Amino acid sequence: MSKKILLSMSMLALALLVGCASPTNMPALDTTYVESEKPVFLMTATLKNNYKPSHTPKLLVVNVERDIVTGKADRLNFKMDKKAKMESDDPHTGNNYLLRMDLEAGNYVIRGLTSQSFSFPIHGMFFAPMHSEVTADGPGIYYLGHVDATVRERQGEEFRAGAVIPLIDQAVAGASGGSFDVEISDQWVTDEQLFKSNFPALANKEVIKAILPQFDRDNAQQWWEENF
């Protein structure tokens, strides 16, 4: 297969993640919030770029899919809002996010985190894989854990931190020449205060821990090879 075709496929795969999905607002969880039959899932995330520190990604959407995808409605892109963002200019701190997702009953996969960096004139696009399975089967508020997604220099045939093209932007930002290290952990001790101070409606709500399994790099590698 020619290099031109491979590059086109890479961009098409990223377009499917970002474009061929339903833009979805995160639940407000404001003072008027009333629990519904849909469960709400809470998660925090930190994005860093140790490979190209001046191009720290900023999260755009959390890519969520139903376990069986038949169309656009089965792909949900949970968009960032002001309440979600705790972004910093310090590359050592990274950009941090308070994520909320409400889901209809069913089985889902949190496919990953799509982000971008912009340091004039370079604009990089990144995708941090997760491939974490989640089941929505009743009302309640659930904490899925904290995700650390850090770009480092890619080794060998590891999955990339982003598509290859545009060639210059993706290379300079570290997306094409980097790969993501992803770690999932239970940080409720600190995350509880963050969520409850930013969303007062959660103050007296029971939050149930449902920590996601550890990131499976082999699974992410296989998915990348099949889709990019």
Side-chain angles (χ1 to χ4, degrees), residues 12-29 33 35-47 57-85 95-116 125-149 159 161-163 180 182-186 191 195 199 207-217 219-220 222-224 226-228:
L12 176 60
L14 190 59
L16 286 172
L17 284 168
V18 178
C20 297
S22 300
T24 307
N25 294 324
M26 287 186 280
L29 300 184
Y33 171 72
E35 288 187 54
S36 67
E37 294 183 358
K38 291 197 296 184
V40 174
F41 297 93
L42 307 178
M43 185 170 68
T44 57
T46 298
L47 300 182
K58 293 185 176 182
L59 189 56
L60 295 175
V61 297
V62 180
N63 307 101
V64 179
E65 301 176 356
R66 286 189 177 272
D67 58 342
I68 299 176
V69 175
T70 59
K72 183 176 180 178
D74 297 320
R75 290 189 174 96
L76 306 174
N77 281 352
F78 283 93
K79 303 181 298 180
M80 295 305 99
D81 56 20
K82 291 182 180 179
K83 283 286 190 179
K85 298 177 182 180
N95 291 320
N96 297 277
Y97 301 90
L98 299 174
L99 309 175
R100 302 99 58 204
M101 298 168 286
D102 53 347
L103 299 171
E104 301 284 353
N107 297 317
Y108 297 83
V109 177
I110 303 176
R111 190 59 67 195
L113 309 173
T114 295
S115 58
Q116 67 176 355
M125 291 294 297
F126 298 81
F127 176 71
M130 289 181 58
H131 309 298
S132 302
E133 296 181 359
V134 173
T135 298
D137 59 3
I141 303 173
Y142 300 86
Y143 171 68
L144 299 178
H146 175 79
V147 180
D148 278 299
F159 64 79
F180 270 104
V182 180
E183 295 183 5
I184 299 173
S185 60
D186 177 0
D191 285 349
F195 272 111
F199 302 96
V207 177
I208 303 167
K209 283 189 183 182
I211 307 301
L212 297 172
Q214 283 300 307
F215 175 66
D216 186 336
R217 191 171 188 89
N219 179 45
Q222 181 179 347
W223 183 88
W224 176 270
E226 292 174 351
N227 289 276
F228 285 77

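Because the structure is predicted, anything quoted here is derived from the model rather than measured. Residue numbers run from 1 in the order of the sequence given.
Proximity of R100 to D81: side-chain heavy atoms (C-beta onward) are separated by under 4.5 Å at one or more points. Side-chain contact check for V62 versus Y97: every heavy-atom pair is 4.5 Å or farther apart. The side-chain heavy atoms of M101 and L144, taken from C-beta on, include a pair separated by under 4.5 Å. Proximity of Y142 to P39: side-chain heavy atoms (C-beta onward) are separated by under 4.5 Å at one or more points.
Checking each of T24, V64, N63 against N77 for a side-chain contact (heavy atoms from CB on, under 4.5 Å) leaves exactly one that passes, namely N63. The side-chain contact (heavy atoms from CB on, under 4.5 Å) test with L59 is passed by exactly one of T46, L99, N96, N95: L99.
H146 and S185 are not linked by any side-chain donor-acceptor pair at a separation below 3.5 angstrom, with hydrogens and angles left out of the test.
Atom OG of S132 and atom CD1 of I211 lie 11.5 Å apart (nearest 0.5 Å). We find the CZ-CG distance between F41 and D102 to be 9.5 Å, quoted to the nearest 0.5 Å. Of the inter-residue distances, the one linking L76 atom CG with I110 atom CD1 reads 11.0 Å to the nearest 0.5 angstrom.
Contact between A136 and Y108 at its shortest, heavy atoms only, is CB-CE1, 4.1 Å. For the pair F180 and F159, the tightest heavy-atom approach, listed with the atom from each and the gap, is O-CZ, 3.5 Å. Considering every non-hydrogen atom in both M43 and G145, the closest pair reads CG-O, 3.2 Å. Closest approach of L47 and K58 over heavy atoms only: CD1-C, 4.4 Å. When all heavy atoms of C20 and K72 are compared, the pair lying nearest together is C-CG, 4.0 Å. Across all non-hydrogen atoms, the minimal contact from A73 to S22 is CA-OG, 3.6 Å.
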Residue pair F78, L103: steps toward the side-chain contact (heavy atoms from CB on, under 4.5 Å) verdict = CA-CA 11 Å; F78 283 93; L103 299 171; 3.8 Å; yes
Determine, stepwise, if the pair L42 / D191 fulfils side-chain contact (heavy atoms from CB on, under 4.5 Å).
-> CA-CA 10 Å; L42 307 178; D191 285 349; over 6 Å; no
Could you go step by step and tell me if H131 and R111 meet the side-chain contact (heavy atoms from CB on, under 4.5 Å) rule?
-> CA-CA 4 Å; H131 309 298; R111 190 59 67 195; 2.9 Å; yes
Could you please spell out the steps behind the side-chain contact (heavy atoms from CB on, under 4.5 Å) verdict for M80 and M26?
-> CA-CA 7 Å; M80 295 305 99; M26 287 186 280; 4.0 Å; yes
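Using cut-offs of 30° and 60° on the angle between ring planes, the pair Y143 and F195 is perpendicular. Under the 30°/60° scheme for interplanar angles, the aromatic rings of W223 and F127 are found to be tilted.
Heavy-atom contacts from other residues, nucleotides or ligands closer than 6.0 Å to CD1 of I208 number more than 12.
Between the Q214 side chain and the I184 main chain, a donor and an acceptor come within less than 3.5 Å of each other. In terms of modelled atom types and a separation under 3.5 Å, the side chain of R66 and the main chain of D74 share no donor-acceptor contact. Side-chain atoms of N107 do not come within 3.5 Å of backbone N or O of E133 as any donor-acceptor pair.
Judged as a side-chain hydrogen bond (donor to acceptor under 3.5 Å, both in side chains), and not counting sequence neighbours, the contacts of D186 are K209.
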